[in-house]
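Only one structure is covered here, and it is reproduced in the block below.
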Amino acid sequence: MSRRALRRLRGEQRGQEPLGPGALQFVLHDDDDAEEEGSKRGPGGQRPRGAGKEGVCVNNRFELINIEDLEEGPVLNGERPDCLLTDAVVSGNKRRSQSGGAESKKAGEVADKAAPPEQSNMSGKLRKKKKKQKNKKNSTGEILEHGLEDIDRILERIEDSSGFNRPGPPPLSSKKHVLYVEHRHLNPDTELKRYFGARAVLGEQRPRQRQRVYPKCTWLTTPKSTWPRYTKPGLSMRLLESKKGLSSFAFEHSEEYQQTQHKFLAAVESMEPNNIVVLLQTSPYHVDSLLQLSDACRFQEDQEMARDLVERALYSMECAFHPLFSLTSGTCRLDYRRPENRSFYLALYKQMSFLEKRGCPRTALEFCKLILSLEPDEDPLCMLLLIDHLALRARNYEYLIRLFQEWEAHRNLSQLPNFAFSVPLAYFLLSQQADLPEQELSSAREQASILIRQALTMFPGVLLPLLEYCSMRPDAAVATHRFFGPDAEISQPPALSQLVSLYLGRSHFLWKEPATMSWLEENVREVLQAVDSGDPAVEACESRRKVLYQRAPRNIHRHVVLSEVKEAVAALPPDVTTQSVMGFDPLPPLDTIYSYVRPERLSPVSHGNTIALFFRSLLPNYTMEGERMEDGGAGGLNRNQGLNRLMLAVRDMMANFHFHDVEAAREDNPEGDGEWD
């Protein structure tokens, strides 16, 4: 082999000389390898050729970057950053050596024979250092694993001993709760993008996002630049207790917020919306004022302003959330018996109603799940009467079926007319989808037929009103039959009639499809055959109807008032229609938990002033000096000022009196107005 080839194998080049004695010398051996190097020296203590000094003279500056220098770099997390690089180089060399031909093998053998002992020492050192690194990796990995196990054990012991569980969403590995809320579905823009595209929805919003001045990112609403600058109104939330995986929270009012609440109640009693507008000028994020003014705007057909006020109320309440309060977990509770919490329920309900009217049923369904998750056992707003309708409108049939299967055992959802008819309709609509296997389609169709027959047997008074809503004429055999005839609707209890009216007034249009009507007709005939044959299930359902639906609970009445379905409102009992229903707190619970009490206002009766009471009955604007909230007892108006106000009120009353001149009327019409009965 020529000298040029040997120089190339050694890394030397012709014409390069050492920089100087002892210049850039690096010791490549450790203390453990000193004996091996000493034994390889030649006779007389001399090294072999090419190793004249203890170090290695670097003739080329780029030879400083070699494998040994890289391997001696810093260690991160028990692993060197260049291990992947060296492994890749070694594996690449192995592939090249395996794919090489016979000539490369011969060249390798010659190189091994001609290589100096210095290179063999370097290869031996590399092997030893790799073994040390592997041992270090194994030891650090074992230490980390044992440390993590110890930490987990300590945390488990702390949780078991204290019993205080941190509220939050369930782990990803577990199955999602049936009331689990997804953040992305709380934004109506997500649903509108599916219908119209992102460019049509966000085209006008993108430039406004750059000028955002609001301090907090929220999930329930998107702050608008037209809103007043947010300042804390004195609303906060605190954690009451946490046990059995559930956390109870409650909103709190500061003293300043309580004073604003008292002014709001006085403004509501005045029956003048302008007083609420004046209050919002000083307290722009007072929740009850925003909700009450929203109802006033909605009655005046200003839907855009009404929705904007509700969104502002939700933003105010979300900014007051406790750090541990979660919208999505389904484990956070708010007691409806506390007046401070009711505003959040009503704001969510009003926002859900606006979203449904806007054409976003999927987002409205998510808000419905959120309201139901705040107190699922009591269900103060009775969202179970609405969630099936929203699920069908959003075409989320699987969710409705799952909710029915999981809650039927302990909530008896089949005893509600809306669930009794919506669940079989969901099965039938699911069987109409073409992307499912044939076996699933047939099983869904069969289950739908079984459930709709049970619903018709339990609630026969639903059929004829449903056909009337859908503008369908029933068959003569059905209309004249004693089971589905007019007697079925008349004989049902008042509470059941109210539930049926609510369901039909809200969901009748879901049954108008021709395929749905033909499927319903088939099952009606099957039910008639079962009735004529004397099926014992018919008598059992009739006796159950008489026992179960004697009187509707208060939460159902509250739901009917909020729904504003005309047919259901007309069916409310007299004891509900005769009492005053306030929009900011409709039908409050009888066992309300008050955290503070409104101070009593002085009334004219308490002073024993009969004259003032008489003039107040004639003039609602007349008030005594003690009745004004801004006037104190010592700093109020004196008696002379009160008397002057009384005289001004009397003059105003007399000025508004108009006497009818009978003689002038006779002169204008001498013939009279015609015959008198």
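It should be emphasised that the depicted structure is a prediction, and the values quoted were computed from it without experimental measurement.
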Side chain of Y399, backbone of V178: donor and acceptor closer than 3.5 Å?
-> yes

Look at the side chain of N418 and the backbone N and O of L384, then say whether any donor-acceptor pair between them is shorter than 3.5 Å.
-> yes

Report, as yes or no, whether the 6.0 Å neighbourhood of atom NZ on K232 holds more than 12 heavy atoms from other residues, nucleotides or ligands.
-> no

Starting at SG of C541, measure out to CE of M458 and round the result to the nearest 0.5 Å.
-> 5.5 Å

Can you label the angle between the F249 ring and the H322 ring as parallel, tilted or perpendicular, going by 30° and 60°?
-> tilted

Given side chains that start at C-beta, do those of M383 and Y345 come closer than 4.5 Å, heavy atoms only?
-> no

Rounded to the nearest 0.5 Å, what separation is found between the CG atom of N341 and the OG atom of S343?
-> 8.5 Å

ring-ring contact (aromatic ring centres under 6.0 Å, His included) partners of F584, counting only residues at least two apart = F264

Take V423 and D388 through the side-chain contact (heavy atoms from CB on, under 4.5 Å) test and state the conclusion after the steps.
-> CA-CA 8 Å; V423 173; D388 61 299; over 6 Å; no

To the nearest 0.5 Å, atom CG of L520 lies from atom CG of L467 at 6.5 Å

Do T218 and L220 come close enough that some side-chain heavy atom pair is under 4.5 Å?
-> no

Does F484 have any ring-ring contact (aromatic ring centres under 6.0 Å, His included) partners at least two apart in sequence or in another chain, and if so, which?
-> none

From L293 atom CG to D302 atom CG, the distance as rounded to the nearest 0.5 Å = 9.5 Å

I would like to know whether E272 and N274 meet side chain to side chain donor-acceptor pair (under 3.5 Å); could you show each step before the answer?
-> CA-CA 5 Å; E272 183 61 40; N274 292 331; 3.0 Å; yes

Identify the heavy atoms of L562 and P586 that sit nearest to each other, and give their distance.
-> CD2-CG, 3.8 Å

Mind telling me whether F344 and F251 have parallel, tilted or perpendicular rings, with 30° and 60° as the class edges?
-> tilted

Where do Y336 and L374 land on the side-chain contact (heavy atoms from CB on, under 4.5 Å) test, with the steps shown first?
-> CA-CA 9 Å; Y336 192 80; L374 295 177; over 6 Å; no

Apply side-chain contact (heavy atoms from CB on, under 4.5 Å) to L372 and D379, showing your working.
-> CA-CA 6 Å; L372 185 59; D379 194 10; 3.6 Å; yes

Report, as yes or no, whether the 6.0 Å neighbourhood of atom CE on M305 holds more than 12 heavy atoms from other residues, nucleotides or ligands.
-> no

With sequence neighbours left out, write down each residue that passes ring-ring contact (aromatic ring centres under 6.0 Å, His included) with H253, or none if nothing qualifies.
-> Y257, Y596

side-chain contact (heavy atoms from CB on, under 4.5 Å) against S491, all qualifying residues, sequence neighbours excluded = none

Note: R402-E406 ion pair, threshold 4.0 Å (strictly below) | yes

Is Y285 reaching over with its side chain to a backbone N or O of P228, donor-acceptor style, under 3.5 angstrom?
-> yes

Is the backbone of P553 close enough, under 3.5 Å, to the side chain of R558 for a donor and an acceptor to pair up by distance?
-> no

Verdict with reasoning, R333 to D335, per side-chain contact (heavy atoms from CB on, under 4.5 Å) | CA-CA 7 Å; R333 300 290 183 262; D335 194 351; over 6 Å; no

Audit row: D288, Q261, side chain to side chain donor-acceptor pair (under 3.5 Å) steps and yes/no | CA-CA 8 Å; D288 286 342; Q261 188 73 11; 2.6 Å; yes

Could you tell me whether K224 and E311 have a side-chain N and a carboxylate O separated by less than 4.0 Å?
-> yes

With a cut-off of 6.0 Å (strictly less than), are more than 12 heavy atoms of other residues, nucleotides or ligands near CD of Q258?
-> yes

Mind checking whether L464 and P474 have side chains closer than 4.5 Å, heavy atoms only?
-> yes

Return the minimal non-hydrogen interatomic distance between L240 and A250, and the atom names on each side.
-> CD1-CB, 3.8 Å

Name the orientation class of the two ring planes belonging to F459 and F421 (parallel below 30°, tilted from 30 to 60°, perpendicular beyond 60°).
-> tilted

Any side-chain heavy atom of L309 within less than 4.5 Å of one from L291?
-> no

Matching residue for Y315 among W219, Y230, F321 - test: ring-ring contact (aromatic ring centres under 6.0 Å, His included) = Y230

Using a strict cut-off of less than 4.0 Å between a Lys/Arg side-chain nitrogen and an Asp/Glu carboxylate oxygen, indicate whether R506 and E356 qualify as a salt bridge.
-> no

Heavy atoms of E318 and T221 approach each other most closely as OE1-N, 4.2 Å

From I556 atom CD1 to L502 atom CG, the distance as rounded to the nearest 0.5 Å = 9.0 Å

With the side chain counted from C-beta on, respond yes when L192 and R358 share a heavy-atom pair under 4.5 Å apart, and no when they do not.
-> yes

Can you tell me if S316 uses its side chain to pair, donor with acceptor, with the backbone of R312 under 3.5 Å?
-> no

Between V581 and V576 the two heavy atoms that sit nearest each other are CG2-O, 4.4 Å

Heavy-atom neighbours of E255 CD exceed 12 at 6.0 Å = no

Only counting residues at least two apart or in another chain, list the ones meeting ring-ring contact (aromatic ring centres under 6.0 Å, His included) with Y469.
-> H508

Under 3.5 Å: donor-acceptor pair, side chain of S507, backbone of L504 = no

Before accepting this row, confirm whether a basic side-chain N of the pair R184/E182 lies closer than 4.0 Å to the acidic partner's carboxylate O.
-> yes

If you measure from the Lys or Arg side-chain nitrogens to the Asp or Glu carboxylate oxygens, is any gap between E191 and R362 under 4.0 Å?
-> no

Results of side-chain contact (heavy atoms from CB on, under 4.5 Å) for A571 - residues two or more places apart only | Q498

State, to 0.1 Å, how close A306 and S294 come at their nearest heavy-atom pair, and which atoms those are.
-> O-OG, 2.9 Å

Within the distance-only criterion (no hydrogens, no angle test), does the side chain of T260 pair as donor or acceptor with the backbone N or O of E256 below 3.5 angstrom?
-> yes

Heavy atoms only: give me the nearest R545-T457 pair and the separation to one decimal.
-> NH1-O, 3.4 Å

CG/N275 to OG/S289 distance, rounded to the nearest 0.5 angstrom?
-> 10.5 Å

Heavy-atom check, side chain of S543 versus side chain of V547, under 4.5 Å = no

Passes side chain to side chain donor-acceptor pair (under 3.5 Å), S414 versus E408? Steps please.
-> CA-CA 7 Å; S414 60; E408 169 62 18; 2.9 Å; yes

Taking the side chain as C-beta and beyond, is there a heavy-atom pair between L239 and S247 under 4.5 Å?
-> yes

Contact check, side chains of P376 and L179, non-hydrogen atoms, under 4.5 Å | yes

Take R342 and T592 through the side chain to side chain donor-acceptor pair (under 3.5 Å) test and state the conclusion after the steps.
-> CA-CA 11 Å; R342 296 174 198 164; T592 301; 2.8 Å; yes

